[in-house]
Number of protein chains: 2
Amino acid sequence: MVTLKDIAERAGVSMMTVSRVMNSKEGKVSEKTASRIRSLADEMGYIPNSSARSLAAKSSQIIAVILRDSNTFHPLSDPYNASFLGFITREIQKRGFYVMIHFVQDFSDITFRLRSWNAEGAIFLGVFDEEVQKIQNRNKIPLVFIDSYSNVRQLINIGIDDYKGGQLAAEYFLKNGHKTLGFVGPFTKTGGVISKRYQGFSDTLLAHQITLFDKHVYDLEQMDPQDIIDSISHDSCPPTGLFVFSDETALQLINIASNKGWDIPSRLSFIGFDDLPSFCTFSDKLTTIHQDIFRKAETSCNILFEHIATPDKPSENITLDVRLVERNSVCRLS
Amino acid sequence: MVTLKDIAERAGVSMMTVSRVMNSKEGKVSEKTASRIRSLADEMGYIPNSSARSLAAKSSQIIAVILRDSNTFHPLSDPYNASFLGFITREIQKRGFYVMIHFVQDFSDITFRLRSWNAEGAIFLGVFDEEVQKIQNRNKIPLVFIDSYSNVRQLINIGIDDYKGGQLAAEYFLKNGHKTLGFVGPFTKTGGVISKRYQGFSDTLLAHQITLFDKHVYDLEQMDPQDIIDSISHDSCPPTGLFVFSDETALQLINIASNKGWDIPSRLSFIGFDDLPSFCTFSDKLTTIHQDIFRKAETSCNILFEHIATPDKPSENITLDVRLVERNSVCRLS
DNA sequence: CTGAAAGCGCTTACAG
DNA sequence: CTGAAAGCGCTTACAG
């Protein structure tokens, strides 16, 4: 293993001079020695020891990505998480930082994982609303939450306008003559995100004198997609359209309904949510609420690194826009 | 920040004693002092500094997961990679190790990333066949490749029986009376995996006096799914069945064909590949070659950690079995 | 522009 | 069972 010291000896200078060159703190080193040291380092195959740097400089260049793990599917089986992680990894690497991922079940783990490696910042993917305050109290590095609806005052958060997503879906259904509608989503596990989408949807319906009946609010934590379609098939007054919290689940429902011989969208219309780039080949017929996940990832990293550069920067809660993408899963009713 | 030294002072012992307790090197410490130190550490909120441990002990407890990045979609937009990464992350964490992920474009990056953090082992996801030897020469830690067909002799690799997958698909088509068949896959980028599946498929057809025509071997690097369906629709002697390298692409093709009004499987049959757990809700009608990705992930980690524990353990190349899962995307021809 | 000293928080290797 | 010393590879903070 080649160290600074080895290079220093060969170059006949002190370790400090080599260190300066390696960290591009030049202008403090004559260009002549600098270039000699660079070529020597290159020739000897020098690779800086990040642990040593981290220990001495108290800067690890590690960004921790914390993902909520559950007992069933792991967090990366959700294409939304996988897609987001991919984009932020690219962004983080682009800045010369490293990505450590952590699947966590409970709060206590987080502080340990963050501090043990002296992470310089963290991005939280999944629902941590209950723990945000505790996490912040214990970790004084920039913490960026994604899609959090925690009401902690000083919160760095990047989210989207979930409420508006619900509104857009409702308006679109109404515009197409639908009067009996349903909502599908997992309510508790997904924190505020789902309830905002639900609220935007139901508020808008209500404003048009349309009630979203309780029996048409399908909670994926109580029933699975098959149950939902069954329930609808036995419903005396079934919904003509469903607003589904994710494209993935929407496609699943469409699949089940189609297998039952239902004509989609004429028997049952659908609006999904997300419109992930890697998913579009399956959802090319699905009308959906689009969110720009690349932009969300990019923004998250920009904000994170701004806060790393300027620790006393005030926290900011950014809400990105959403829009409805019209395709062919909503039937026009006369 | 609480250090070993702080605890040592409060406990009135030396740092070494605290260090021993923290590393559970007991039996070398009286149980009385040990328990006192443990509760003190707990009370003071001690979190060991991994960088310092890594530097002093030359053991980082970091496993690097190297994913091949390209210029288009990032590696985690592929559900196979995402799924695999999720499983190995759980396994690695279970053993008290940390996961650092690295998206790499070219070889030179790899050594830097591995050595800079003193990774104790690495798992390679994606095609690195060309570089395996160079990577191994430069990095003397256990390196586990996934699905590699590199012919380097000493290779730790976990793969599946891709050739058999192709055979099973061919046999199943033949059993159902198909005589004109096609193969779909990206040929160059995916290394040996795809060509083995192709070979198993075409060899088996040939053994039954059936030729796989060149024009029915669709290379996804030359044409996209839409082109393939177009090509088939203009084909004077079109295939009645396609063996597709992944479920994802198979579903895409089915989607396009269905939109064209084709009846699936009667007009065109499909066999896919992978059968990922998180994907099954879309592929519930797709006959496919199943691989056990959880088992693959688990095996990879077992092998990796065995090699970390026993550095001179001989390399092993493990091939997991595959099986055909019969569903409803292959039509029975008379 | 360059360097000698001290220290980051831990472990190894030895001595008792 | 316990501890004092040296060192891992780097940077900070100072001095020149």
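Everything quoted here is computed from the prediction, not taken from an experiment. A note on names: the letters A, B, ... follow the listed sequences, proteins ahead of strands, and every chain is numbered from 1.
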*Asks:* For Met15(B) and dG9(C), what is the distance between atoms CE and P respectively, to the nearest whole Å?
*Replies:* 10 Å
*Asks:* Can you check the Leu4(A) CG to dC8(D) P distance for me, whole Å?
*Replies:* 13 Å
*Asks:* So, is the end of the Arg90(A) side chain (NZ or CZ) under 6.0 Å from the ring centre of Phe103(B) and within 45° of the ring's axis?
*Replies:* no
*Asks:* Tell me yes or no: between the side chains of Ser50(A) and Ser116(B), is some donor less than 3.5 Å from an acceptor?
*Replies:* yes
*Asks:* For the pair made of CZ in Arg36(B) and C1' in dC1(D), what is the distance, rounded to whole Å?
*Replies:* 14 Å
*Asks:* Please state how far atom CE in Met16(B) lies from atom C1' in dG3(D), giving the value in whole angstrom units.
*Replies:* 8 Å
*Asks:* For dT2(D), does either OP1 or OP2 sit under 4.0 Å from a side-chain N or O belonging to Thr33(B)?
*Replies:* yes
*Asks:* What contact category does Met1(A) fall into here, base, sugar-phosphate, or nothing, at under 4.0 angstrom with non-hydrogen atoms?
*Replies:* sugar-phosphate
*Asks:* Rounded to the nearest Å, what distance is computed from the CZ atom of residue Arg20(A) to the P atom of nucleotide dA13(D)?
*Replies:* 13 Å
*Asks:* Hey, are Arg53(B) and Gln61(B) close enough side-chain-wise for a donor-acceptor pair under 3.5 Å?
*Replies:* yes
*Asks:* Would you say dG9(D) has OP1 or OP2 under 4.0 Å from some side-chain N or O of Thr3(A)?
*Replies:* no
*Asks:* Picking from dT11(D), dT11(C), dC10(C), which would you name as closest to the side chain of Ser19(B)?
*Replies:* dT11(C)
*Asks:* According to the Watson-Crick and G-U wobble definitions, with both distances under 3.5 Å, which nucleotide is paired to dA4(D)?
*Replies:* none
*Asks:* To the nearest Å, how far apart are Arg53(B) CZ and dT12(C) P?
*Replies:* 10 Å
*Asks:* Going by atom types only, do Arg95(A) and Asn302(A) share a side-chain donor-acceptor pair under 3.5 Å?
*Replies:* yes
*Asks:* For the pair made of CG in Asn23(A) and P in dT12(D), what is the distance, rounded to whole Å?
*Replies:* 8 Å
*Asks:* Between dC1(D) atom C1' and Ile37(B) atom CD1, what is the distance in whole Å?
*Replies:* 12 Å
*Asks:* Counting only Watson-Crick pairs (N1-N3 plus N6-O4 or O6-N4) and G-U wobbles (N1-O2, O6-N3), all under 3.5 Å, who is the partner of dA13(D)?
*Replies:* none
*Asks:* Does the side chain of Thr17(A) get closer than 4.0 angstrom to OP1 or OP2 of dT2(C) through an N or O atom?
*Replies:* no
*Asks:* Taking the six-membered ring for Trp, are the ring centroids of Phe107(A) and Phe128(A) within less than 6.0 Å of each other?
*Replies:* no
*Asks:* With DNA chain D as reference, determine whether Val13(B) or Ile47(A) sits nearer its 5' end, using the nearest nucleotide of each.
*Replies:* Val13(B)
*Asks:* Using only side-chain N and O atoms of Ser14(B), determine if any of them is under 4.0 Å from OP1 or OP2 of dT2(D).
*Replies:* no
*Asks:* Tell me what Lys58(A) touches on the nucleic acid: a base, only sugar-phosphate, or nothing, going by heavy atoms under 4.0 Å.
*Replies:* sugar-phosphate
